[in-house]
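In each ligand, atom 1 is the first atom listed, and ligand 1 is the first ligand listed. What's counted below: heavy atoms across the whole structure, side chains too, no hydrogens, waters or symmetry copies.
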Amino acid sequence: MKKVLIVILLALSVPCFAQHDPYMGIVPAPVSVKKGNGEFKLTAETIILADSPNHKAVRFFTEYLRKAGFSNTVTDLNQLAKGNKEMKNSITLSVNTKSDLPAEGYQLHVYDDHVVLNGKGAGLFYGMQTLIQLLQIKNNNLITIPCTNIKDYPRFGYRGMHLDVSRHFFDVDFVKKYIDVMAMYKLNTFHWHLTDDQGWRIEIKKYPKLTEIGSKRAQTKINRAGIDLELYDNTPYEGFYTQDQIREIVNYATDRFITIVPEIELPGHSMAAVASYPELSCDPKKTYKVAETWGEFKDVYCPTEETFKMMDDILFEVMLLFPGKYIHIGGDECNKTAWKNSDFCKQLIADKNLKDEEGLQSYFIRRIEQYVNSQGHSIIGWDEILEGGLAPNATVMSWRGEAGGIKAAQQNHDVIMTPGSAGMYFDHTQLKSPLEPLSIGGNAPLSKTYSYDPVPAELNKDEQKHIIGVQANLWTEYIPTPAKAEYMLLPRMLALAEVAWSPLANKDFKNFSESRIPHQLPRLDAAGYNYRVPTAIGASDTVLTGSKFNIELTTPVEGATIYYTLDGYNPRETDLKYTAPLQITVPDKMTVDFKTIVITPSGKRSVVTDMKLQNK
Ligand code: ACM
């Protein structure tokens, strides 16, 4: 009888991830980390000193400690005599920095008897986030922090994460939670996609129908648009943010050094607005409804004076709510059919000496830019705003690959890179496996997101300076719940953070995925986030050929267990635990399915991988 032989080779001790990691588990990898010996012990007696006690970072840190059971209060450093300024058993948070520290930078020294963190503005906040990542809460009386000397600052000034709240609405608490996780990993710009065909989500006082009508749709497509059978949920859907709620979120983000870029889509992706005010369209007599499925629609704004007046009014209210420099005006995927069929548009093209409908789109964006600039703000648009000519001061968000970004930088325009083809679209799947949840398509595994470099080699040094940053996008057509949003976001957002923050020379996917991600994921558990559990390191859906197979796996989450089967069934908690490397001998002409699953202490599960061990 043919037998499959399994030998468990040797029991290795469980690796302690952060101990051997040059970056001490920190994400994004800092510019420079020097590990010391020993550790600082934070106790109830530890004194917290600050030369700017009301700094947002100081308040954030004491609040963090309070939630961990420590009620240490802050002593104003300016009130102390000079000799007392580096006290034993103290943590000093100081805005006093060396002049060569770049913007948003910090320096952190952890000695065994005291800690000093220096950073101005956001720098102090980021240093404090690093400090929080380093600390280990042992119990209610003790936190330890390993000795180290870190100097750090970001590669890019714009480090963005986007959220589409039109296709599916996410409430105030979720948006705050989203901002929290961005802040943990030193992202600084939240691109809030507030309007689209399927829902208008921001209260505009002057045009109440935008939310009375535009924030509601009769039902929602529940399977893949354009591919599967038409299937709708037959359930009304609605949601919007009041201006008070928007102000609350803006303040919340500001406290975490995050600027919000609101997006008001125009001239396309505007069905919800057109359904509310049909006079915005080129055919006002038609009846419009808020879209119930996904894609590109023909009903777009008509470039009339009435439309421009209304857009200016809307943007006026938006700019009062959002103090940041940028207003995103969309500009992508504007279907030109309605314009082509409109006598008004034909006449306007002739009157304004425009080439065609693309020229008309450019005219539309320029008009909007003029108004936004006149109010002291700048526009960002998706790369379609290049078509027909760029508005003079526009920043371009390059999503259809890098070509638009390259072209814009060559025209001396600022650029934010967010190419869907390079792992920046988090609505794409994280593994090509039928076990992954429904997504819009495309494949953006962690490794792809991580390996992206936003500065194209085609650009010369001066042009490269126009690449002001990078962003990932979370479109939510197929993301109806907060848990799924977090699943699609994490851990990829940590890879984005490293792309946006860390020097290229410090990027190392093996270290990131096998050491720091496993260290960070339990922290996300503790903070209450859902995430995609990566599959066991060393396991994949693949076919291997031979007769003897050496299988060596590691867990992608500290403390998680890998279970496996050889019987073709999907593994679960009741199956064999992987504890040490295996040697599996497969008889002639047989194939063995070696299947694995990772289950975390919090009960989160990876998808199952199936390694076919084939002896031909
Ligand atoms: C986009 O993904 N339509 C910008």
Exercise for review: For the residue pair W339 and F364, categorise the inter-ring angle as parallel (less than 30°), tilted (30 to 60°) or perpendicular (more than 60°).
Suggested key: parallel
Check your understanding: With distance as the sole test, does Y277 use its side chain to make a donor-acceptor pair with the main-chain N or O of K209 at under 3.5 Å?
Key -> yes
Review point. Hey, does the Lys NZ or Arg CZ of K507 hover above the aromatic six-ring of F512, less than 6.0 Å from the centre and inside 45° of the axis?
Key: no
Pairs under 3.5 Å, nitrogen or oxygen of ligand 1 with protein nitrogen or oxygen:
from, atom 1, to, atom 2, distance (Å)
ligand 1, 2 (O), Y425, OH, 2.6
ligand 1, 3 (N), D332, OD2, 2.7
ligand 1, 3 (N), E333, OE1, 3.3

Practice item. Could you tell me how the ring of Y450 sits relative to the ring of F509: parallel (under 30°), tilted (30 to 60°) or perpendicular (over 60°)? Key: tilted
Exercise for review: Look at the rings of Y241 and F169 and say which category their plane angle falls in: under 30° parallel, 30 to 60° tilted, over 60° perpendicular.
Suggested key: tilted
**Study point:** disulfide bond (SG atoms under 2.5 Å apart) involving C282 - partner list, sequence neighbours excluded
**Key:** C302
